[in-house]
**Q** 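Quick one: the structure is below, questions incoming.
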Amino acid sequence: MQVSTNLVLILLLLGGIASLQFFKGRKLNASIMIHYIRKFEETLKLKDKIYTYLGGSIGFKAKYDLNDKNFKDIDLVLTLLPRQSLFWLPFSYPIKRGDRLYVKFYPKFHIRRDVHIVQNFYYLFGPDIKERDVLKKEKASIGKYNNFYTLYENKEDFDRIKRVVEMTFTDPRRVRHIALNKETNSVFLLIKPDLQETPKELSKLLNNLPKVFEDWAYFKD
């Protein structure tokens with residue numbers, strides 16, 4: 001079988017571009033991870049920290065023990081777009097819609113009821129909400145953005161978690177899912193992170209949530 005010279009040149013060119021993208025993308029993802037780690041450590045009041053890196057340049061997991069009067073610790077997972085892959089990156093972006101930061105905050109006070117705010121796009125893909133069938137569901141808006149659903153036991157809890165989002169995040173469109181979960185006694189957050197804003201936003205969330213849910217935060221373990 002004869003292979004044309006042009007095809008060989010195209011394959012060599014693609015191989016060269018893919019190699020350049022690999023090294024450039026790995027370097028960029030590494031710099032993003034280092035930036036977030038430094039900023040999280042500067043912004044949050046840490047007693048202890050453990051990191052697990054995910055495949056080198058995919059992201060990292062972190063467990064932070066906090067020196068905070070209202071929260072014990074945080075579990076955090078940052079997953080980055082595959083910027084090192086020339087061929088997978090164009091498919092990954094529309095699916096993942098950017099980098100993702102998953103955070104679980106564990107408060108010292110008791111979460112009394114479940115409440116969720118989920119962006120429409122993520123609700124369609126079925127977030128893992130075990131108590132979905134017993135919660136009331138309705139469309140919701142935050143500021144001028146009306147592309148959310150809320151699930152709640154008590155409508156007042158939606159009003160309060162919405163206020164927390166408005167007080168905490170510079171752009172609520174980056175909040176994909178925020179929830180208070182009674183069973184795990186945790187606060188869940190899925191967000192499209194912002195290099196400058198997100199470390200400050202996590203710190204603000206630690207302050208704002210106990211203020212808005214003051215009657216819950218008054219009694220601690």
Side-chain angles (χ1 to χ4, degrees), residues 32-33 36-37 39-41 43-46 49 54 59-66 68 70-80 96-123 125-132 135 140-143 145 147-152 157-213 216-217:
I32 291 172
M33 286 192 285
Y36 278 122
I37 287 171
K39 289 297 180 183
F40 290 151
E41 293 186 3
T43 309
L44 304 172
K45 299 171 185 172
L46 304 186
K49 58 195 177 186
L54 307 174
F60 65 86
K61 292 182 181 179
K63 183 172 183 60
Y64 295 139
D65 290 337
L66 297 177
D68 185 278
N70 290 305
F71 288 86
K72 292 179 284 191
D73 47 40
I74 297 176
D75 290 335
L76 179 153
V77 181
L78 176 71
T79 61
L80 301 174
K96 292 189 65 177
R97 304 180 79 192
D99 298 330
R100 290 184 179 184
L101 180 66
Y102 302 80
V103 192
K104 266 192 177 180
F105 303 81
Y106 294 94
K108 294 177 180 175
F109 56 89
H110 293 293
I111 302 290
R112 297 187 184 177
R113 290 179 294 273
D114 292 317
V115 58
H116 297 258
I117 296 177
V118 192
Q119 264 194 25
N120 293 358
F121 178 83
Y122 289 87
Y123 188 80
F125 289 95
D128 183 20
I129 302 175
K130 287 168 58 179
E131 64 283 2
R132 175 196 302 259
L135 297 177
S141 62
I142 300 176
Y145 307 109
N147 57 329
F148 294 91
Y149 282 106
T150 179
L151 295 91
Y152 57 83
D157 297 333
F158 160 67
D159 294 332
R160 294 205 283 181
I161 195 69
K162 174 183 171 183
R163 199 178 341 144
V164 170
V165 171
E166 291 171 338
M167 292 166 63
T168 302
F169 299 96
T170 55
D171 185 350
R173 290 175 297 178
R174 291 190 291 103
V175 177
R176 310 306 197 199
H177 186 179
I178 186 167
L180 306 184
N181 187 274
K182 183 171 59 178
E183 182 179 345
T184 59
N185 204 59
S186 63
V187 181
F188 173 75
L189 174 68
L190 167 59
I191 188 173
K192 179 182 178 183
D194 178 274
L195 283 167
Q196 300 307 318
E197 299 296 334
T198 295
K200 291 181 286 187
E201 289 168 341
L202 296 191
S203 177
K204 287 165 70 177
L205 186 60
L206 292 174
N207 290 320
N208 291 335
L209 196 129
K211 287 179 186 173
V212 175
F213 288 85
W216 295 10

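Positions are given from 1 along the sequence. Keep in mind that this is a model prediction, so the values were computed, not measured.
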**Q** Any chance NZ of K49 has more than 12 other-residue heavy atoms, nucleotides or ligands included, within less than 6.0 Å?
**A**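 Check fails, neighbour count at 12 or below.
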**Q** Test side-chain contact (heavy atoms from CB on, under 4.5 Å) on L202 and I74 and set out the steps.
**A** CA-CA 10 Å; L202 296 191; I74 297 176; 5.8 Å; no
**Q** Rounded to the nearest 0.5 Å, how far does CZ of F60 lie from CD1 of I37?
**A**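 Output value for this atom pair is 4.5 Å.
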**Q** Is a donor on one side and an acceptor on the other found under 3.5 Å between the side chain of N185 and the backbone of I111?
**A** yes
**Q** For V77 and L54, which heavy atoms make the closest approach, and how far apart are they?
**A**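 For V77 and L54, the tightest heavy-atom pair comes out as CG1-CD1, 4.2 Å.
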**Q** Does V118 form a side-chain contact (heavy atoms from CB on, under 4.5 Å) with H177? I'd like the steps, not just the answer.
**A** CA-CA 4 Å; V118 192; H177 186 179; 3.6 Å; yes
**Q** Step by step, would you call T168 with L209 a side-chain contact (heavy atoms from CB on, under 4.5 Å)?
**A** CA-CA 9 Å; T168 302; L209 196 129; over 6 Å; no
**Q** List for me each residue that meets salt bridge (charged side-chain N to carboxylate O under 4.0 Å, His left out) alongside R113, sequence neighbours excluded, and say none if there are none.
**A**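 Checked R113 against salt bridge (charged side-chain N to carboxylate O under 4.0 Å, His left out); matches are D157.
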**Q** Tell me the closest heavy-atom pair linking Y36 and T198, and the distance in Å.
**A** CE2-CB, 4.5 Å
**Q** How many angstroms lie between CZ in F148 and CZ in F158, if you round to the nearest 0.5 Å?
**A**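 These two atoms lie 9.5 Å from each other.
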**Q** Can you name the closest pair of heavy atoms from N70 and D68 and give their distance?
**A**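 So the two residues come closest at N-OD1, 2.7 Å.
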**Q** Say you draw a straight line from OG1 of T43 to NZ of K204; how long is it, rounded to the nearest 0.5 Å?
**A**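 So the gap between those two atoms works out to 11.5 Å.
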**Q** Which pair of non-hydrogen atoms, one from P210 and one from L205, has the smallest distance, and what is that distance?
**A** CD-O, 4.1 Å
**Q** Please find the pair of heavy atoms, one from V164 and one from N208, that lie closest to each other, and give the distance.
**A**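 Shortest heavy-atom contact: CG2-O, 4.3 Å.
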**Q** Between L206 and F105, is the side-chain contact (heavy atoms from CB on, under 4.5 Å) condition met? List the steps.
**A** CA-CA 8 Å; L206 292 174; F105 303 81; 3.5 Å; yes
**Q** Do E131 and N181 come close enough that some side-chain heavy atom pair is under 4.5 Å?
**A**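 In short, these two side chains touch, coming nearer than 4.5 Å.
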**Q** Could you tell me whether K61 atom NZ has more than 12 heavy atoms of other residues or ligands within 6.0 Å of it?
**A**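 Check fails, neighbour count at 12 or below.
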**Q** Taking only residues two or more places apart in sequence, or in another chain, which ones meet Y102 in a ring pair (Phe, Tyr, Trp, His ring centres under 6.0 Å)?
**A** none
**Q** What's the spacing between L66 CG and Y106 OH if we round to 0.5 Å?
**A**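 Rounded to the nearest 0.5 Å, the CG-OH separation comes to 12.0 Å.
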**Q** With heavy-atom distances below 4.5 Å as the criterion, would you say the side chains of R176 and K192 are in contact?
**A** yes
**Q** Between the side chain of N147 and the main-chain N/O of N120, is any donor-acceptor distance below 3.5 Å?
**A** no
**Q** When you check the gap from the basic side-chain N to the acidic O, do R174 and E201 get nearer than 4.0 Å?
**A** yes
**Q** Which residue is it: Y152, F188, W216? I am looking for the one with a side-chain contact (heavy atoms from CB on, under 4.5 Å) to L180.
**A**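 Result for side-chain contact (heavy atoms from CB on, under 4.5 Å) with L180: W216.
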**Q** For a quick test of reading the model, state the closest non-hydrogen atom pair linking P107 to K72 and the distance between them.
**A**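 Looking at all heavy atoms of both residues, the shortest contact is O-CE, 3.4 Å.
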**Q** Check whether any side-chain N or O of T150 sits under 3.5 Å from a backbone N or O of H116 as a donor-acceptor pair, and report yes or no.
**A** yes
**Q** Kindly compute the distance separating CG (L195) from CD1 (I32), expressed to the nearest 0.5 Å.
**A** 6.0 Å
**Q** Would you give the length of the straight line joining atom CG of D159 to atom CD1 of I161, rounded to the nearest 0.5 angstrom?
**A**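 Reported value, rounded in 0.5 Å steps: 11.0 Å.
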**Q** Is the backbone of K63 close enough, under 3.5 Å, to the side chain of D75 for a donor and an acceptor to pair up by distance?
**A** no
**Q** Counting distance only, does the side-chain N/O of E166 pair as donor-acceptor with the main-chain N or O of I142 below 3.5 Å?
**A**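 It does not hold such a pair.
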